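Structure, as structure tokens:
Remember, predicted model here, so these are calculated numbers, not experimental data. In each ligand, atom 1 is the first atom listed, and ligand 1 is the first ligand listed.
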Amino acid sequence: MVSIMRLENTLVKDARMLSIDAKPYAFSFPLQHTALLVIDMQRDFLLAKGFGEIQGGNLEAVQASISPTKQLLEACRGAGLTIVHTREGHRPDLADCPSSKLVRQSAAPNNTQHNLVIGDKGELGRLLTRGEYGHDIVDELQPLPGEVVIDKPGKGSFWNTTILHKLKARAITHLIVSGVTTECCFATSIREANDRGFESCGIEETTSGYNDACFKQSSLDMIHWSQGLFGFISKLQPLLDVLTSLSPPTNIAHSTPPQTPPEFDGDLTLPALQQAYKSGLSPVTVIEAVYNKIEAYHKVDSAVWIHLNPKEAALEAAKALATRFPNRTALPPLFGIPFSVKDSIDIAGHPTTTACPPLAHIPSASAVVYDKVIEEGALFIGKTNLDQLATGLTGCRSPYGIPHSVFSPKYISGGSSSGNAVSVGAHLVSFSLATDTAGSGRVPPGFNGVVGYKPTRGTLSFRGVTPACLSLDCIALTTQTVSDARTLWQILESHDSLDPYSKPELAFERHINSIGPQATSFKFGIPPPEALALCSLPARRMFNETVSRLQKLGGVLTPIDWSPFQKAGQLLYEGTFVSERLASLPDDFLAKNRSALHPVILELMDAVEKRQSTAVQAYRDLQAKTLYTRQAEQVFAYAKEGIDVLVVPTAPTHWTIEEVLADPIRKNSVLGEFTHCGNVLDLCAVAVPAGEYPVNELSGEESDAGKLPFSVTFLSGSRLDAEMLEIARRFDVHVREG
Ligand code: TIU
């Protein structure tokens with residue numbers, strides 16, 4: 001009973017519940033988890049001479065729905081809801097158009113109506129064809145930057161689209177539905193949403209069809225019939241009343257920028273900067289502040305950056321951005337957000353070193369992920385230090401110096417993405433683009449009090465990055481909060497046909513739990529005591545506290561089989577896979593560059609060569625990897641005993657720089673105990689700050705002042721990122737709010 005009450009309290013705090021009069025009974029929805037779905041408000045369906053006129057003739061009713069839909073859209077934008085627009089239509093080559101859809105209606109024996117079919121040239125362009133004027137949304141309801149637009153080939157919004165994935169990625173469980181036509185795409189979409197676990201409420205005045213007299217009422221009645229067969233139906237006014245009554249700052253999106261621009265308060269998290277920019281803050285002010293901080297931090301740690309973008313260049317970019325987006329109510333999601341980049345990721349015209357001078361070059365094209373964040377308005381600050389060849393978890397293997405933890409000059413920053421994590425942890429930038437092969441995107445964030453997210457491999461393009469171990473590499477995101485990591489993930493995620501390891505865009509997705517205790521309770525597993533024995537005393541204490549915290553958040557501790565995770569981790573360095581680190585380098589690279597390599601990297605690579613691993617051994621390892629991957633899938637299976645997330649300490653302990661320098665290889669391998677398995681088993685993972693402990697609890701030296709960060713990593717199965725991130729986000733918020 002107590003735990004249910006606690007759960008409900010967390011729910012209420014986390015997600016404000018609103019309620020409106022509806023049929024068959026009041027529709028209650030958590031603001032933070034609700035999206036507005038605007039279906040197919042395209043010129044083709046609403047304007048004369050489009051596809052709709054051929055289909056149904058009477059456009060009066062559908063046109064009358066534009067104005068109420070605009071009211072609804074503005075109220076939802078003002079309340080900060082996720083907005084999703086859909087457009088029905090097909091690729092210009094019609095490859096995604098089934099023949100039935102193309103032919104059936106025009107094949108009717110006494111057809112006089114369907115003389116033009118999909119793809120034929122009409123007065124608004126080719127009918128229902130992507131890229132044509134008629135296919136786009138009417139002027140009044142045009143999407144704003146950052147709003148989701150789903151191009152769908154079917155009547156339903158879910159068939160052959162990424163909508164379910166995008167809604168889950170934003171932790172949406174409830175939908176407010178509008179659009180045309182009631183009998184067709186509106187009704188089909190609500191039925192599809194119902195099967196996927198959503199709670200939907202259709203808004204009467206914001207939907208209509210070509211035959212309202214006969215169909216509209218029955219279509220709506222079918223949705224709420226039998227005490228809510230598919231969902232809810234409400235009038236517009238009650239919803240407008242509740243949304244517009246919400247207090248600012250959620251309504252600030254539509255307020256006029258004040259005459260005096262706000263001061264920059266130093267908060268670099270995405271929502272804080274987005275809000276400040278909407279209120280008129282200049283990106284130039286932020287860039288000035290960022291460079292001042294970088295200069296000051298250089299005195300604390302001079303090993304963070306390998307290449308800083310000249311301040312003048314960053315200021316120019318900030319000014320150009322302000323000119324490119326003069327309308328502060330329609331800014332792209334990363335407008336003016338400062339970021340750093342691991343120096344193994346290419347940026348055209350800037351050197352890439354991978355902390356290995358013999359590999360240094362100036363690329364002519366940028367990595368796909370870099371281009372995407374720039375496209376969305378982010379501002380590049382500099383390239384950060386890393387363990388040479390992105391090989392290592394310590395941050396002590398670079399010819400450009402040893403960055404230290406932002407918590408203490410004695411303690412390591414972690415690697416290989418050392419500079420990334422320090423640049424975010426020291427609040428020099430909002431986020432950093434990193435990589436993760438064996439834990440490089442998780443351990444450094446863990447040692448610097450920030451978030452490190454490694455999406456499922458192949459869901460973000462890896463093109464334009466120097467590989468460490470290509471078949472296991474992936475992009476990782478370093479941020480202040482899980483919520484920021486999730487926002488970036490959604491901007492960056494897409495299939496890249498030129499990246500051979502890129503996964504297909506569409507995958508089977510589980511249903512969501514939108515209501516009841518299942519919506520917030522989850523099952524989690526942890527490593528067995530034998531595995532945790534490797535941890536330092538404070539790490540064990542903090543991990544136990546994490547388990548209690550998760551239980552307070554609705555987590556149910558569930559026993560698991562740890563062996564696939566442990567064995568997969570061992571495969572990475574104790575087997576043949578480490579040879580792949582040599583595979584991307586020229587055959588004679590080691591021999592030719594011995595003097596230019598970091599001594600620890602040289603020792604490692606020499607050891608790999610000396611092993612003379614055979615093809616037979618490599619195949620055995622590949623077979624073992626496949627077996628452990630299947631076994632791990634069972635742990636996360638969609639079954640009663642399956643868990644939602646595996647929770648582990650990000651690293652077993654936090655070494656001093658001195659300790660690592662004295663024993664560089666063994667100290668490094670300890671750090672990977674809980675990260676190595678991640679990419680071998682095709683998992684997703686996110687490292688999240690989980691409190692701090694006194695340095696002397698670890699060192700045993702009374703005189704050691706200060707604190708060190710503790711971090712836990714949430715892991716889940718391939719492509720279960722959305723589910724994992726939402727649990728991690730709730731944990732993150734809980735820790736921050738104490
Ligand atoms: N009525 C009709 O033909 N509609 C469609 O094809 N699409 C939508 O309803 N959007």
Handout entry: Carboxylate-amine/guanidinium proximity below 4.0 Å for E509 and R196
Key = no
Problem - NZ/NE/NH1/NH2 to OD/OE distance under 4.0 Å, K372 and E376 - result: no
Exercise for the section: Measure I39 to ligand 1 on non-hydrogen atoms and call it side chain, backbone, both or neither using the 4.0 Å cut-off. Expected result: neither
Before signing off on this row, confirm whether [X] and ligand 1 have an N or O atom pair separated by under 3.5 Å.
X    : result
C185 : yes
F51  : no
Y210 : no
K152 : no
E183 : no

Handout entry: Aromatic plane relationship, Y277 with F335 - under 30° parallel, 30 to 60° tilted, over 60° perpendicular
Key = perpendicular
Proximal ligand 1 atoms for [X], defined as those under 4.0 Å from one of its heavy atoms:
X    : value
D40  : 8 (C), 10 (N)
C184 : 1 (N), 2 (C), 4 (N), 5 (C), 6 (O), 7 (N), 9 (O)
E88  : 5 (C), 6 (O), 7 (N), 8 (C), 10 (N)

Handout entry: Distance-only polar pair, side chains of Q113 and Q105, donor-acceptor under 3.5 Å
Key = no
Exercise for the section: Verify the distance criterion only: is there a donor paired with an acceptor across the side chains of T456 and S718 at less than 3.5 Å? Expected result: no
Practice task
Mark yes when over 12 heavy atoms from residues, nucleotides or ligands other than R104 sit less than 6.0 Å from its CZ; otherwise mark no.
Solution key: no
Exercise for the section: Dump the intermediate steps for side chain to side chain contact (heavy atoms under 4.5 Å, CB included) on Q55 and F45, then the final yes or no. Expected result: CA-CA 9 Å; Q55 188 86 320; F45 289 120; 5.9 Å; no
Exercise for the section: Nearest heavy atom to atom 2 (C) of ligand 1 wins, so pick from Q55, Q105, K155, Q42. Expected result: Q55
Problem - Nearest-neighbour protein heavy atom for atom 1 (N) of ligand 1, which is reported as residue plus atom name and distance - result: T181 OG1, 3.3 Å
Practice task
Kindly say whether the aromatic ring centers of Y638 and H511 come within a distance under 6.0 Å.
Solution key: yes
